[in-house]
Amino acid sequence: MSTDTSTPTSPAEGQAAANTRKVFIKTYGCQMNVYDSVRMGDALANEGYVPTEEMEEADLILLNTCHIREKAAEKVYSALGRLRDMKQARHAVGRELMVGVTGCVAQAEGEEILRRAPVVDVVIGPQTYHRLPDALRRARDGQRVIDTDYAVEDKFEYLPVTDKARIRSRGVTSFLTVQEGCDKFCTFCVVPYTRGSEVSRPVHQILNEARQLVEGGVREITLLGQNVNAWRAEGPDGREWSLGDLLYQLAEIPGLARLRYTTSHPRDMDDRLIEAHRDLRSLMPYLHLPVQSGSDRILKSMNRRHTAADYLLLIDRIRQVRPDIALSGDFIVGFPGETDRDFEDTLRIVEQVNYAQAFSFKYSIRPGTPGADMADQVPEDVKAQRLERLQALLLKQQAEFAKSCVGKVIDLLLEKPGRNEGQVIGRSPWLQSVNVDAKTSQIGDIIPVRIIGTGPNSLFAEPAQDLVGT
Ligand code: SAH
Ligand code: SF4
Ligand code: F3S
């Protein structure tokens with residue numbers, strides 16, 4: 001797929017080239033793209049690029065893209081249209097503007113992007129972003145570079161070690177990708193095609209990165225993977241470790257107060273992981289466990305490889321060991337062949353589980369996936385009506401969950417300054433944003449607070465120093 005055969009740049013080589021250019025990275029899609037954008041920023045920092053929040057100031061604009069639903073790719077092409085005008089205006093005054101497309105649209109569309117969008121200088125897939133600095137050098141020499149190989153080398157080995165000041169500037173919570181790709185091939189989904197097959201990062205790499213983050217002031221780490229609970233690797237004891245084992249090990253790192261992981265597949269929730277929820281105080285009581293549909297017929301046709309009853313049983317087992325766990329999920333309405341009855345089954349499973357939070361989408365045809373060729377595609381207006389009903393139910397549950405928190409004393413990780421002077425925004429164990437009166441010097445602390453009210457997307461709390469947090 002790639003026309004690029006160059007070898008990756010080593011960090012040392014990268015550091016030698018010193019100049020100052022500004023880079024603006026626009027991130028679309030999931031948390032893995034957020035993580036990738038950070039790591040691309042690190043790779044570019046070693047080339048002398050400094051980050052900017054202002055697109056107008058940038059010498060390099062990267063769109064780190066998502067291909068999961070139709071609109072996502074179209075958004076990228078319309079953004080590229082706007083960048084074309086910007087580049088022309090720049091050239092008129094003799095100023096450079098480089099444009100790169102990275103991420104899942106880059107992987108899926110490849111050459112098509114260069115064809116459709118002449119403004120683009122480089123196209124780099126998610127597995128090769130360690131080669132970005134080299135691609136940019138070549139682009140500056142006038143080439144249009146495309147590199148969407150599934151690289152044989154481990155990109156993480158080539159990415160520069162992040163320095164403490166840079167970690168500190170990013171705040172007290174961090175993502176850490178431990179697993180990439182997917183072998184599950186749900187019939188609606190492009191991820192196995194854009195991110196390739198499942199790969200787990202080795203234990204030592206993950207532990208080193210986690211320690212570095214903590215030394216840089218990070219208090220909470222969210223482990224990431226398209227199928228994070230399919231992570232498997234050899235542990236230091238020679239045994240094959242699963243995600244549960246990894247969490248037990250990470251929980252030993254002094255100063256690392258909170259652990260989370262996302263996104264999980266119900267098929268990969270093994271006993272060890274459930275035990276981790278029982279035993280580890282630092283593993284937060286929040287689980288994103290998408291079910292997609294409540295109809296066995298649709299689940300089968302989606303190739304999810306479990307039934308609604310399997311899912312409910314699993315939720316019961318998890319709630320038994322961690323009764324305060326908040327559940328989150330993803331749903332698709334209007335998958336091909338979905339009848340009113342199938343949809344009612346989805347509403348029923350939502351009622352049975354009672355979610356604290358959830359995402360729901362209209363099925364979007366993805367060319368090249370089996371779902372695209374299935375008969376009985378559901379009309380748009382039916383999808384829209386179903387989505388509306390489902391979202392009303394999910395929002396009601398979310399509001400009820402928020403209300404049930406009022407009066408509770410909880411541990412709050414203070415994250416960033418609030419909108420008003422003297423206020424700080426923190427995260428509850430259940431991932432809610434909480435506003436509280438506190439000093440910005442306390443950011444990074446975990447303090448007990450009492451929840452006193454709810455807003456549309458956040459909670460309000462008062463400090464509860466006199467009480468012990470839950
Ligand atoms: N690996 C995760 C999901 C990753 S994609 C899992 O297995 O659960 C994130 C979410 O996007 C999915 O859970 C699904 O709800 C939604 N999604 C994926 N493909 C879609 C499509 N073709 N149309 C609509 N929603 C989709
Ligand atoms: Fe997509 Fe299914 Fe893989 Fe999740 S498990 S990334 S939905 S193919
Ligand atoms: Fe989108 Fe790629 Fe993530 S398709 S959801 S950015 S893995």
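Below, each value reflects all heavy atoms present in this structure, side chains not excepted, and no hydrogens, waters or symmetry copies. Whatever order the structure lists ligands and atoms in, that order sets their numbers, starting from 1.
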J.: Regarding Glu57 and Thr52, is there a side-chain donor-to-acceptor distance under 3.5 Å anywhere?
T.: yes
J.: Return the residue, atom name and 0.1 Å-rounded distance of the protein heavy atom closest to atom 3 (Fe) of ligand 2.
T.: Cys182 SG, 2.2 Å
J.: How far is atom 8 (O) of ligand 1 from the closest protein heavy atom, and which atom is that?
T.: Pro290 CG, 3.1 Å
J.: Please indicate whether Glu388 has more than 12 foreign heavy atoms, meaning atoms of other residues, nucleotides or ligands, lying under 6.0 Å from its CD.
T.: no
J.: Do me a favour and list the nearest non-hydrogen protein atom to atom 8 (S) of ligand 2 with residue, atom name and distance?
T.: Cys186 N, 3.3 Å
J.: If we count only N and O atoms by modelled type, under 3.5 Å, do the side chains of Asn303 and Thr187 hold a donor and an acceptor together?
T.: no
J.: Go through the side-chain N and O atoms of Ser200 and Gln179 and say whether any donor and acceptor fall under 3.5 Å apart.
T.: no
J.: How close do Pro266 and Arg304 get, counting heavy atoms only, and between which atoms?
T.: CD-NH2, 3.7 Å
J.: Would you mind listing which atoms of ligand 3 come within a distance below 4.0 Å of any non-hydrogen atom of Asn33?
T.: 6 (S)
J.: State whether the number of non-hydrogen atoms from other residues, nucleotides or ligands found under 6.0 Å of Asp316 atom CG is greater than 12.
T.: yes
J.: Against heavy atoms of Arg304, which atoms of ligand 1 measure under 4.0 Å?
T.: 6 (C), 7 (O), 8 (O)
J.: Do Ser264 and ligand 1 have an N or O pair less than 3.5 Å apart?
T.: no
J.: In terms of atom number and element, which parts of ligand 2 are under 4.0 angstrom from non-hydrogen atoms of His265?
T.: 5 (S)
J.: Taking only heavy atoms of Arg366, which atoms of ligand 1 are found under 4.0 Å from at least one of them?
T.: 22 (N)
J.: Under 3.5 Å, is there a donor-acceptor pair linking the side chains of Asn229 and Tyr261?
T.: no
J.: Of the backbone atoms (N, CA, C, O) and the side-chain heavy atoms from C-beta on, which set of Gln226 has a member under 4.0 Å from an atom of ligand 1: side chain, backbone, both, or neither?
T.: backbone
J.: Got the closest protein heavy atom to atom 10 (C) of ligand 1, with its distance?
T.: Asp330 OD2, 3.3 Å
J.: To the nearest 0.1 Å, how far is atom 23 (N) of ligand 1 from its closest protein heavy atom, and which atom is that?
T.: Ser364 N, 3.0 Å
J.: Using a 4.0 Å cutoff against the non-hydrogen atoms of Cys104, which atoms of ligand 3 qualify?
T.: 2 (Fe), 4 (S), 6 (S), 7 (S)
J.: State whether Arg341 and Glu344 are salt-bridged, where the test is any N-O pair (Lys NZ or Arg NE/NH1/NH2 against Asp/Glu carboxylate O) under 4.0 Å.
T.: no
J.: Who gets closest to atom 7 (S) of ligand 3 by heavy atom: Arg69, Glu180, Gln226, Gln107?
T.: Gln226
J.: Tell me: protein heavy atom nearest atom 5 (S) of ligand 1, and distance?
T.: Ile68 CD1, 3.6 Å
J.: Decide, counting backbone as well as side-chain atoms, whether Cys30 has an N, O or S atom less than 2.8 Å from atom 2 (Fe) of ligand 3.
T.: no
J.: Pairing donors with acceptors under 3.5 angstrom, does anything connect the side chains of Thr27 and Asn33?
T.: no
J.: Minimum heavy-atom separation for Met374 to Ser301, with atom names?
T.: CE-O, 3.5 Å
J.: Is a donor from one side chain sitting under 3.5 angstrom from an acceptor on the other, for Asp296 and Thr307?
T.: no
J.: Give the atoms of ligand 2, by number and element, whose distance to some non-hydrogen atom of Phe185 is under 4.0 Å.
T.: 8 (S)
J.: For atom 11 (O) of ligand 1, find the nearest protein heavy atom and state the residue, atom name and distance (0.1 Å precision).
T.: Arg69 NH1, 3.2 Å
J.: Are Tyr286 and Gln357 close enough that a side-chain donor and a side-chain acceptor fall under 3.5 Å?
T.: yes
J.: Does Phe188 approach ligand 2 within less than 4.0 angstrom via side chain, backbone, both or neither, non-hydrogen atoms only?
T.: side chain
J.: Of the non-hydrogen atoms in Asp42 and Arg166, which two are nearest, and what is the gap between them?
T.: OD1-NH1, 3.2 Å
J.: Is there any N or O on His265 that sits under 3.5 Å from an N or O of ligand 1?
T.: no
J.: For Arg239, does the CZ atom sit with more than 12 other heavy atoms under 6.0 Å from it, leaving out its own atoms?
T.: yes
J.: Just which atoms of ligand 2 are under 4.0 Å from any heavy atom in Lys184?
T.: 5 (S)
J.: Any idea which atoms of ligand 1 are less than 4.0 Å away from a heavy-atom of Lys362?
T.: 23 (N), 24 (C)
J.: With a 4.0 Å heavy-atom cut-off (strictly under), which part of Pro192 contacts ligand 2: side chain, backbone, both or neither?
T.: side chain
J.: So, Tyr248 versus Asp279: side-chain donor-acceptor pair below 3.5 Å or not?
T.: yes
J.: Write out the residue and atom name of the closest protein heavy atom to atom 1 (Fe) of ligand 2, then the distance separating them to 0.1 Å.
T.: Cys189 SG, 2.3 Å
J.: Is there a heavy atom in Arg195 that sits closer than 4.0 Å to ligand 3?
T.: yes
J.: In terms of heavy-atom contacts, does NZ of Lys75 have more than 12 from other residues, nucleotides or ligands at under 6.0 Å?
T.: no
J.: Which residue holds the protein heavy atom closest to atom 4 (S) of ligand 3, what is that atom called, and what is the gap in Å?
T.: His67 N, 3.2 Å
J.: Passes side chain to side chain donor-acceptor pair (under 3.5 Å), Thr128 versus Asp149? Steps please.
T.: CA-CA 7 Å; Thr128 39; Asp149 271 348; over 6 Å; no
J.: Select one of side chain, backbone, both or neither to describe which atoms of Asn227 lie under 4.0 Å from any atom of ligand 2, heavy atoms only.
T.: side chain
J.: State if Arg304 counts as touching ligand 2 under the rule of any non-hydrogen atom under 4.0 Å.
T.: yes
J.: Which atoms from ligand 3 have a heavy atom of Cys66 less than 4.0 Å away?
T.: 1 (Fe), 4 (S), 5 (S), 6 (S)
J.: How far is atom 15 (O) of ligand 1 from its nearest protein heavy atom, and which residue and atom is that?
T.: Gln292 OE1, 2.7 Å
J.: For atom 20 (C) of ligand 1, what's the nearest protein heavy-atom neighbour? Residue, atom name and distance, please.
T.: Phe188 CD1, 3.7 Å
